[in-house]
Amino acid sequence: MTDSTRAGALATLGGVDVPALAAREGTPLYLYDAAAIDARIAALKAGLAGRRARVCYAVKANSSRAILARIAAAGLGADIVSEGEMRRALAAGFRPEDIVFSGVGKTRTEIQAALEHGVGRFNAESIEELDLLDALAAARGVSAAVALRVNPDVDARTHAKISTGKAENKFGIALDQARAIFRDAARWTALRIDGLHAHIGSQLLTLDPIREAVARMAAFGRELQGAGTVLRSIDVGGGLGVCYRAGHDHPPALEDYLAAVFGAFEGFDGELVFEPGRWLMAEAGILLARVVRVKRGDTRRFLVLDAAMNDLIRPSLYEAWHDIVPLVPANRPLREYDVVGPVCETGDTFAQGRVLPEVEADELVAICGAGAYGMSMASTYNSRQLPAEVLLERGGYYLIRRRQSWEEMTAGESLLQERRTT
Ligand SMILES: *Cc1c(COP(=O)(O)O)cnc(C)c1O
């Protein structure tokens, strides 16, 4: 697709007049294309048809209420990493038994809340967590289903900050220790430790690390079963990559990814669990921004947007590339820009030296691939309002989150009203 046809497609995303939408709802604005989300859900379902498998959407990728409700209504489960995500997931209609609880730092309060609501499975990451979970489940008189998150010590070959499956990462349990836990599983009387879990990292653009990880998990699973352990589920995590840079990123096809996983677990009679986040949402969303001004510096030309790192932090945090498409008429000459936000940080840069069709102040640009880890990572840094979100569907749109008001931004803060002592 050429830049101008892409700009044309984005200007009518979801059959909606996007410039008119921007004029009405303001910018920065997150737009999600419902058809694109539905298409990914449908592809996953088709790929898993006839298999003993379930999908638990990684809520942290995009936890907006209407998005979660749509995914829940499609029959998927949820992968959560905090009590807040649990509350969002339950409110959005996920059944508690379809929720898996991951994370290296589940607190006592969070575990108690999850037990109280009947969350389906805990992906446990340490012996210390097993001890606490066991005590809390016993105190409630319930039995908790547990999968051990193992650390397969595989290099995901992705950005270091989103790589989670190497021995030096904080995540998971080394296989030796996991082996000992399964051997002594009877020790935790209120737990049913009958699952394996791994998640080696995110935005994986090749299948090799996945293949290595599932091969190690499968071998370990067979070993455990050989020693008499009952394995009801094997959860392979998320991580499937997406295309952030057209013509450059070539993520594995879903079918190939699924074939690699199914191939490794041939003959396994339990349930396979998938936890995609990014893959379901990233390419369905854009962050729409307006150009505040074009600043011509000594050596560089800066495109200063009204969106910033507080709205979309991936470029600052991971040096992530996002395609940027100005919604301008075709035939503009090309120029090189540093695309930046207004926040007082040099890191508030969406792109450096990006060649784009010439853009003027007040024109719109779409930052693509913003449907995952965009809004869910947004903050109010520099006291900027959280952006609004819309879901585009069949030529219309739903405002699924209004722009944060000034009152909301400072709600909960107070002056020195009441002095307390401990
Ligand atoms: C973040 C996360 C996921 C989702 O990862 P994606 O790369 O977005 O698919 C899945 N499982 C766990 C445990 C995670 O922490």
Side-chain angles (χ1 to χ4, degrees), residues 37 40-41 43-44 47 53-63 67-68 71 76-82 84-86 89 98-106 110 114 119-126 129 146-152 154 156-166 169-173 195-207 209-210 213-214 217 233-244 249 251-252 254 257-258 261 272-285 313-314 317-318 320 369-377:
I37 302 170
R40 293 249 155 149
I41 294 173
L44 258 177
R54 75 160 76 201
V55 179
C56 291
Y57 166 66
V59 168
K60 71 181 188 289
N62 186 320
S63 49
I67 300 295
L68 292 184
I71 292 172
L76 274 55
D79 169 45
I80 60 164
V81 293
S82 70
E85 287 192 352
M86 180 190 79
D98 294 337
I99 298 178
V100 297
F101 192 176
S102 302
V104 66
K106 305 177 192 77
E110 288 181 313
V119 158
R121 185 171 281 278
F122 292 81
N123 289 335
E125 303 222 12
S126 64
E129 182 185 338
V146 175
L148 281 196
R149 176 167 180 176
V150 295
N151 185 324
V154 167
R157 272 158 264 166
T158 182
H159 191 280
K161 286 186 183 165
I162 49 175
S163 178
T164 54
K166 285 288 287 168
N169 296 137
K170 70 180 174 183
F171 299 99
I173 300 172
L196 273 184
H197 174 237
H199 169 71
I200 61 166
S202 200
Q203 182 56 5
L204 307 182
L205 288 177
T206 67
L207 282 180
I210 294 274
V214 292
M217 289 176 84
S233 70
I234 295 183
D235 181 334
V236 298
L240 185 55
V242 300
C243 179
Y244 283 112
D249 295 342
L254 177 69
Y257 168 76
L258 294 179
V261 174
L272 290 177
V273 184
F274 296 85
E275 300 174 337
R278 189 186 309 276
W279 187 84
L280 274 174
M281 285 302 302
E283 291 181 53
I313 203 173
R314 298 190 67 259
L317 193 58
Y318 313 129
Y373 305 105
M375 187 67 211
S376 62
M377 294 178 105

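One-based numbering along the sequence shown. Both counts, for ligands and for their atoms, begin at 1 and track the order of listing.
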For the student: nearest non-hydrogen atoms of L317 and M377, plus distance: CD2-CE, 3.7 Å
Where do S376 and A61 come nearest, in terms of heavy atoms and distance? OG-O, 3.1 Å
Does NZ or CZ of K106 fall inside the cone over F122's six-membered ring, less than 6.0 Å from its centre and within 45° of the axis? no
One thing to verify: whether K60 and E85 come together as a salt bridge, which I'm taking to mean a side-chain N less than 4.0 angstrom from a carboxylate O. no
Only one of L76, L240, V236 forms a side-chain contact (heavy atoms from CB on, under 4.5 Å) with F274, so which one is it?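 That would be V236; it is the only one of L76, L240, V236 passing the side-chain contact (heavy atoms from CB on, under 4.5 Å) with F274.
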Passing option when N123 is tested against R149, E275, H199 for side chain to side chain donor-acceptor pair (under 3.5 Å):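 The single option meeting the side chain to side chain donor-acceptor pair (under 3.5 Å) with N123 is E275.
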Around ligand 1, what residues show up once you keep those with a heavy atom under 4.0 Å from it?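 Protein residues near ligand 1 are A58, K60, D79, S102, R149, H197, H199, S202, G238, G239, E275, P276, G277, R278, Y373.
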